[in-house]
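For reference, the structure discussed in these notes is given below.
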There are 2 protein chains.
Amino acid sequence: MTTRDHAVLRLAVDLAILTVRENALQALVITRGNEPFRNRLALPGGFLREGEDLHAAAVRELDEETGLDGDAIHLEPLGTYGHPDRDPRGRVVSVAYLAIAPDLPTPEPGSDAAEAAWMPVAETRGRLAFDHDGILSDAVERARIQLEFTNLATAFCGPTFTVGDLRNIYEVVWDRPLDPRNFSRKVLNTSGFVKPTGQKRIPQIGRPAALYQRGDQRTLNPPILRSTTATH
Amino acid sequence: MTTRDHAVLRLAVDLAILTVRENALQALVITRGNEPFRNRLALPGGFLREGEDLHAAAVRELDEETGLDGDAIHLEPLGTYGHPDRDPRGRVVSVAYLAIAPDLPTPEPGSDAAEAAWMPVAETRGRLAFDHDGILSDAVERARIQLEFTNLATAFCGPTFTVGDLRNIYEVVWDRPLDPRNFSRKVLNTSGFVKPTGQKRIPQIGRPAALYQRGDQRTLNPPILRSTTATH
DNA sequence: GCAAAAGTGTTCTTCTTACACCCATGA
DNA sequence: TCATGGGTGTAAGAAGAACACTTTTGC
């Protein structure tokens with residue numbers, strides 16, 4: 001047939017990259033160098049290329065815009081955002097990915113982005129271009145849930161970490177205090193969550209803590225649940 | 001710029017429509033009337049139209065291909081499938097939706113589909129066109145999880161149902177037997193899951209059962225968890 | 001009364017929570 | 001010895017699992 005029975009569109013890949021920095025949940029945002037929304041904050045992203053797989057595009061954008069190694073960093077599909085009016089340039093459907101990174105030095109700005117920087121998620125609310133506020137909210141909610149049922153928290157840490165480090169991730173992402181003693185037991189009783197390295201980290205003050213690395217078990221059994229009777 | 005820096009592609013919406021029929025988890029499959037994969041089984045779906053929202057496209061396809069009312073049926077985004085070689089016609093990225101329907105009369109075949117029919121999910125394995133086997137597997141896994149944390153099970157039932165009906169949904173979808181007595185208590189103790197109608201259903205044999213309708217609470221608290229110490 | 005499915009009571013166990021208490025280190 | 005954070009013990013309460021038992025109907 002010659003008549004077009006489908007929409008002409010472009011497909012973008014956008015990244016919600018989260019980390020815990022300075023005791024706050026932070027997201028990587030760029031300042032847009034081009035129209036539309038020039039000089040506005042946005043999530044890093046770009047268009048899908050010819051013959052390119054979606055996940056590969058996410059890995060490429062992560063590298064291009066932030067210098068992070070997509071193969072080393074937790075990266076998972078988050079959702080697809082396709083409202084017809086979401087991009088003033090025309091029909092652009094965006095596949096969003098959630099990336100979790102350890103606390104790293106400030107990323108190097110990439111080609112498209114005038115500037116890339118970590119910013120506390122709370123400070124981004126209402127300030128992002130396109131529908132990126134919504135994407136970031138969804139990303140944070142997803143991360144909060146994933147902490148309960150997967151070992152995602154270890155992706156926020158470096159190669160080795162203490163139970164205290166891990167607890168700090170949970171406290172910051174969930175925005176609620178946890179009992180250090182019960183948390184410790186829960187983590188160590190959840191088989192495959194973490195693996196002892198035999199090493200210890202000596203802090204400037206206080207008792208040395210055992211160092212762990214990420215375990216093999218992606219899904220936690222039993223899970224680390226947010227209590228329903230929370231303090232609030 | 002004049003050079004193209006993005007992929008030319010079409011966007012499809014595919015539907016994984018699940019129901020419980022004859023004590024089996026069944027999916028709605030069509031027999032394809034056109035190439036590619038002519039006469040092969042596939043999930044219903046079609047291309048996104050000009051200016052059409054993704055969710056609206058899913059509702060439209062549901063109506064066109066099955067006659068089901070998309071506004072009355074549970075419909076949620078499942079994932080996006082974009083492998084470059086997934087469609088022999090060229091680059092087609094598919095946004096898949098999960099739909100849950102009560103046990104209904106055999107759907108009427110639509111325009112594009114030579115035939116639409118319910119088929120037990122177990123019988124579809126390895127027989128679907130494109131990457132639809134994978135999409136359907138993801139749909140089933142999503143449904144299993146959603147039964148734990150949301151009132152999705154009520155979407156499998158008609159407007160009113162008994163606790164026994166609801167238990168049957170869980171047993172079929174999870175493929176494991178549940179204790180009727182404990183299940184009953186769990187459901188009724190989970191506030192907002194179901195709402196009593198005051199009516200009773202008189203069976204051909206046995207004690208009448210109270211009829212309920214879906215409650216207001218979409219997310220269940222406490223959840224109905226699959227036991228980890230399962231029989232198998 | 002009997003069959004069948006609905007629903008309640010009860011016990012055992014496991015998980016969660018709260019918190020007292022001890023441990024290992026540097027200053 | 002003190003401050004600091006790491007880590008164990010333990011008892012009360014909540015939730016889940018297993019199952020004996022009662023209820024309500026049609027036949």
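Here the structure is a predicted model, which is why all the values come from computation and not from measurement.
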In terms of side-chain heavy atoms of Lys186(B), which of dA24(C), dG16(D), dT4(D) is nearest? dG16(D)

Test for a donor-acceptor pair under 3.5 Å between the base of dG6(D) and the side chain of Arg167(A), counting only N and O atoms. no

Rounded to whole angstrom units, what separation is found between the CG atom of Leu178(A) and the P atom of dG5(D)? 16 Å

What nucleotide, of dT17(C), dG7(D), dT25(C), holds the atom closest to the side chain of Arg181(A)? dG7(D)

Side chain of Pro208(A) only, heavy atoms from C-beta on: which candidate in dA24(C), dC19(D), dT16(C) is closest? dA24(C)

Parallel, tilted or perpendicular: which describes the rings of His132(A) and Phe130(A), with under 30° parallel and over 60° perpendicular? tilted

Rounding to a whole Å, what distance do you find between Asp179(B):CG and dA20(D):C1'? 12 Å

Rounded to whole angstroms, how far apart are CG on Asn189(A) and P on dG9(D)? 12 Å

Answer yes when Asp216(B) and Lys195(B) have at least one side-chain N-carboxylate O distance shorter than 4.0 Å, and no when they do not. yes

Are any of the side-chain nitrogens in Glu148(B) or Arg226(B) under 4.0 Å away from the carboxylate oxygens of its partner? yes

Presence of donor-acceptor pair under 3.5 Å, side chain of Arg207(B) and base of dA6(C): yes

Report the distance from atom CZ of Arg201(B) to atom C1' of dG26(D), rounded to the nearest whole Å. 17 Å

In whole angstroms, how far is the C1' atom of dG16(D) from the CD atom of Glu148(B)? 14 Å

Just by distance, no angles: are the side chains of Asp14(B) and Ser94(B) close enough, under 3.5 Å, to form a donor-acceptor pair? yes

Starting at CZ of Arg185(B) and ending at C1' of dA17(D), how long is that distance when rounded to a whole Å? 10 Å

Could you tell me how far apart Leu211(B) (CG) and dA5(C) (P) are, to the nearest whole angstrom? 17 Å

Distance, rounded to the nearest Å, where Ile224(A) contributes CD1 and dC15(C) contributes C1': 12 Å

From C-beta outward on Asn182(A), which listed nucleotide comes closest to its side chain: dG7(D), dA18(C), dA4(C)? dA18(C)

Asp175(B), CG atom: more than 12 neighbouring heavy atoms under 6.0 Å: no

